[in-house]
Amino acid sequence: MPDQSDDHNREPVELPLVTNHNTARSALTCRYRCGDACSHEAPNRSLNPYFGDVVQQSLSRRGMLKGGAVLAIGATTAAAATVAAANPSSLPPMGPLLPPGLRFEPVPPNTTDAVTLPPGYEQQIVLRWGDPLLAGAPRFDARRQTAEAQAGQFGYNVEYLALLESPGRYQQLVLVANHEYTSEQIMFYGYDPANPTREQVEVAWAAHGMSVVAVRAERGSGRIHPLRGDVLNRRITATTPIEFTGPAAGSPLLKTSADPTGRTVLGTLNNCGGGVTPWGTVLSGEENVNQYFANAGAVTDPLSARRLARYGLPTGASERKWERFDDRFDISKEPNEPNRFGWIVEIDPYDPESTPRKRTALGRFKHEAAEPRLTRDGRVALYMGDDERFDYLYKYVSTHAYKKGTGHAAREHNLRLLDEGTLYVARFTGDSPGGEIDGSGALPDDGAFDGSGEWIPLATGSTSHVPGMTADEVCVFTRLAADKAGATKMDRPEDVEPHPRTGRVYVALTNNKDRGAAGKAGADEANPRNDNKHGHVLELDERNSDAASRSFRWRLMLVCGNPDDPSTYFAGFDKEQVSPVSCPDNIAFDEGGNLWIATDGNALGSADGLFSVPVTGEHRGHVRQFLTVPRGAETCGPIITGERILIAAQHPGELDGASAEKPASAWPDGPGTIPRPSIVSVWAERGGSR
Ligand code: FEO
Ligand code: CA
Ligand code: CA
């Protein structure tokens, strides 16, 4: 065990920002977060079509040059960013007055080990990993962690946050957070990756999952205070019983020796983005679940082996070695257990006794999030990304309409909406007739669209639309169904969010350094940049502005990076005035309809951050940075309300070479402590969130 005698009062070590060869993330993050997904061959080897490197055509057709500026101003912008870092008063001119709520002074790129805000803002740590939630749970003690304690405490690494009303409770709200993954090396003193102990493994199981926490909102500030021991408080972990519902519930593909019915699974893993339904439940996507399983190499049946490979299941041992402590993580012993992860989970935060549900009608893949919108006839549509290089964008449309009201009958009806519907996958083409928007009326900033697209149905209830696959198979092996359907290979679809008023759909595509690599799909119009290090954001306009439509038009909204890079594009906005932005991930809208973008893996040398960007009006494309997160962290879960901005800083200090003994961040507790992923509330000193 490493010497721990004098680790108190140590400053965090200045570790270099060593990164994985394929991304700007630290290799430690790659290992624990997604099982080194980028270091492996992308699992989509289907032959779906693509067409040449087209970024320049796309952008010039879009009139990139509203900023003819694009090629000329680069050096100026980069210089401006550098100077701004030293002297914020030298930030570029702001141009026309920004919309209310966006008039903050942008935060320059930086690598400070803190949450850095514009002048005039305050912050509060709302919840840290390990804070007690349930009655009787002990205070966090980094040196005496137990699974029992952790099961009553706030979990690790929050990706998604939802803040819900708490009817009948004055100044109270319900906060729902998920806990994506654990970073054992920086969580546990004396952690040996080759020989984790049972206690460490069980702490990690308890640190995964979700938390529901009643909170009290302070009047006159953005502070919120968790109510420890409240009856609504709940922890869902990697061992909580969860029910399968929908077409594949009870399928032989979901049966294991512990669950011969195929209807109940223990736990939820790697919860990434999510969404809130109109009926007040919370959805959360199970993402990089492949990494928890071992020994796919033992499977010799060709069909099973092909399915396991398409889902990236490791052929040998897993990183965390959980298979040593529970046979269900060993594919050679329980070949169907991996099929029971990779779903959207729905929880009812108002009923702590309710059983969470994995909704099989929504398909199985590396679910990033699930953001809803009602169709014109009142059904519910969910937009969902599969976050893998060259994987797909999906939509689900329920068969039945949403019923308003909170009565028992309406609630029971609504809780079945995600069990019967049609699952679609997107195909993009670059053949825009250009210019107009179907049925939605003229919006002031409408320019040309870059192309059109269609939603290809994969299954409706128990009816498959994919030749050669049953509906069960479409649900459980959705990626293979989408391969057959000819879906468009995208640059890692992360969060997908419909605009609350226009219904236009914004798709964050975080990056894909393999785009255009030898033997890989090259650039196409919807993924227009080879070696796409910084990602992009697409804007989709559903036909007739109806989320039920089978077709849409789309255009590039942002092509991210440093604005002096000629391949970047900010919806035509003057690039001298925008903040550099890289690797868009979680997105959200504020009450004014402005888009907010949280980043993960900034490849420009700065810490990750949160950015605002109007999507309409004369500031459309005016990206401005609102905050940065501590060293090694990713910005998650943004919620932007009139009172406060909430973010989660996930995996602070997760840099290569870091450990509990050698922390790379002292956030949030200061020198001599290990970093703790935490939720932060931010508000303006003068009141309100901005
Ligand atoms: Fe958990 Fe795709 O981010
Ligand atoms: Ca994400
Ligand atoms: Ca979102």
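Just so you know, residue 1 is the first one in the sequence shown, and it goes up from there. Only a predicted model underlies this, so the values are computations on that prediction, with no experimental measurement involved.
Side-chain contact between Asn157 and His651: present, with at least one pair of heavy atoms (C-beta onward) separated by less than 4.5 Å. Between Val265 and Lys358, some side-chain heavy-atom pair lies under the 4.5 Å cut-off. Residues Thr628 and Asp608 fail the side-chain proximity criterion, which asks for heavy atoms closer than 4.5 Å. Contact check for Glu388 versus Asn512: no side-chain heavy atoms found under the 4.5 Å cut-off. Considering only heavy atoms from C-beta on, His208 stays 4.5 Å or farther from Thr237 through its side chain. The shortest side-chain heavy-atom distance between Leu418 and Tyr396 falls under the 4.5 Å cut-off. Side-chain contact between Arg364 and Arg340: absent, with no pair of heavy atoms (C-beta onward) separated by less than 4.5 Å. In this structure, the side chains of Leu266 and Pro241 come closer than 4.5 Å at one or more pairs of heavy atoms.
For the ring pair (Phe, Tyr, Trp, His ring centres under 6.0 Å) criterion with Tyr292, the lone passing option out of Trp205, Phe341, Trp322, Phe325 is Trp322. Among Arg139, Arg228, Arg676, the one residue that satisfies the salt bridge (Lys or Arg N to Asp or Glu O under 4.0 Å) test with Asp131 is Arg676. Exactly one residue among Pro677, Pro675, Ser678 makes a side chain to side chain contact (heavy atoms under 4.5 Å, CB included) with Arg128. That residue is Ser678.
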Residue pair Glu323, Ser318: steps toward the side chain to side chain donor-acceptor pair (under 3.5 Å) verdict: CA-CA 7 Å; Glu323 65 274 15; Ser318 73; 2.6 Å; yes
Salt bridge (charged side-chain N to carboxylate O under 4.0 Å, His left out) evaluation trace for Glu334 with Arg328: CA-CA 5 Å; Glu334 288 293 349; Arg328 69 185 176 124; over 6 Å; no
Candidate pair Thr268 and Glu286, rule side chain to side chain donor-acceptor pair (under 3.5 Å), full reasoning: CA-CA 7 Å; Thr268 179; Glu286 295 185 308; 2.8 Å; yes
Residue pair Lys333, Asp326: steps toward the salt bridge (charged side-chain N to carboxylate O under 4.0 Å, His left out) verdict: CA-CA 10 Å; Lys333 296 173 179 160; Asp326 188 337; over 6 Å; no
CA sep, side-chain torsions, deciding dist, call: Asp386, Arg479, salt bridge (charged side-chain N to carboxylate O under 4.0 Å, His left out): CA-CA 9 Å; Asp386 181 351; Arg479 285 180 163 182; 2.8 Å; yes
Gln650 and Glu159: CA distance, side-chain angles, deciding distance, side-chain contact (heavy atoms from CB on, under 4.5 Å) verdict: CA-CA 7 Å; Gln650 190 180 171; Glu159 174 85 15; 2.7 Å; yes
Check against salt bridge (charged side-chain N to carboxylate O under 4.0 Å, His left out), Glu180 and Arg33: CA-CA 8 Å; Glu180 186 167 11; Arg33 196 257 184 73; 3.4 Å; yes
Pair Met384-Val496, side-chain contact (heavy atoms from CB on, under 4.5 Å): steps then yes or no: CA-CA 6 Å; Met384 304 178 288; Val496 185; over 6 Å; no
Residue pair Leu393, Tyr383: steps toward the side-chain contact (heavy atoms from CB on, under 4.5 Å) verdict: CA-CA 8 Å; Leu393 175 66; Tyr383 294 93; 5.5 Å; no
Residues Ile347, Met210; criterion side-chain contact (heavy atoms from CB on, under 4.5 Å); working and verdict: CA-CA 9 Å; Ile347 69 158; Met210 300 182 76; 3.9 Å; yes
Stepwise side chain to side chain donor-acceptor pair (under 3.5 Å) check, Thr245 with Arg357: CA-CA 7 Å; Thr245 67; Arg357 288 156 172 166; 5.9 Å; no
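Using a 3.5 Å distance cut-off with no hydrogens or angles, the side chains of Glu346 and Thr281 do pair a donor with an acceptor. When only modelled atom types and interatomic distance are considered, Tyr160 and His179 share no side-chain donor-acceptor pair under 3.5 Å. In summary, the side chains of Ser183 and Glu654 do present a donor paired with an acceptor at a separation below 3.5 Å, with no hydrogens or angles considered. Under 3.5 Å, the side chains of Gln153 and Arg235 contain no donor-acceptor pair of N or O atoms. Side-chain contact of Glu184 with Thr182: a donor-acceptor pair under 3.5 Å is present, judged by distance alone. At a cut-off of 3.5 Å, with distance as the only test, no side-chain donor of Asp259 or Thr264 sits close to an acceptor on the other residue. A donor and an acceptor atom, one from each side chain of Ser284 and Asn271, are located under 3.5 Å apart. Checked by atom type, the side-chain pair Asn295/Asp330 shows a donor-acceptor distance below 3.5 Å. Inspection of the Asn288 and Lys366 side chains reveals an N or O donor paired with an N or O acceptor under 3.5 Å.
Across every non-hydrogen atom of Val680 and Val115, the tightest pair is CG2-CG2, 4.2 Å. In this structure, Val276 and Ala162 approach most closely via the heavy-atom pair CG2-CB, 3.6 Å. Nearest heavy-atom pair across Ala658 and Gly653 is CB-O, 3.5 Å. A pairwise comparison of heavy atoms in Phe188 and Gln145 identifies CE2-OE1, 3.4 Å as the closest pair. Between Ala207 and Met187, the shortest heavy-atom distance links the atoms CB-CE, 4.3 Å. What you find for Gly280 and Leu164 is that their closest heavy atoms are O-CD1, 4.1 Å.
Between the CG atom in Leu173 and the CG atom in Leu232 there is a gap of 11.5 Å [rounded to 0.5 Å]. To the nearest 0.5 Å, atom OG1 of residue Thr599 and atom CG of residue Leu610 are 8.5 Å apart. If you take CG on Leu161 and CG on Leu646, they are separated by 6.0 Å, rounding to the nearest 0.5 Å. Here the straight-line distance linking atom CG of Asn290 with atom SG of Cys34 works out to 8.5 Å at 0.5 Å rounding. Atom-to-atom distance recorded for Lys255:NZ and Thr261:OG1 is 7.5 Å, nearest 0.5 angstrom. How far CD1 of Ile344 is from CG of Leu362: 6.0 Å, rounded to the nearest 0.5 Å.
Ring planes of Tyr394 and Tyr392: perpendicular class, angle over 60° (limits at 30 and 60°). Using the six-membered ring where Trp is involved, Tyr311 and Phe477 have ring planes that are perpendicular, over 60° apart on the 30 and 60° scheme.
For Gln124, the CD atom is densely surrounded, since the number of other residues' heavy atoms within 6.0 Å is greater than 12.
In this structure, Arg389 pairs ionically with Asp514, as a charged nitrogen and a carboxylate oxygen lie closer than 4.0 Å. Looking at Arg492 and Glu494, a side-chain N of the basic residue comes within less than 4.0 Å of a carboxylate O on the acidic one, giving a salt bridge.
In summary, the aromatic rings of Tyr181 and Tyr32 are positioned with their centroids too far apart to meet the 6.0 Å limit. A ring-centre distance under 6.0 Å is found for Tyr156 and Trp129.
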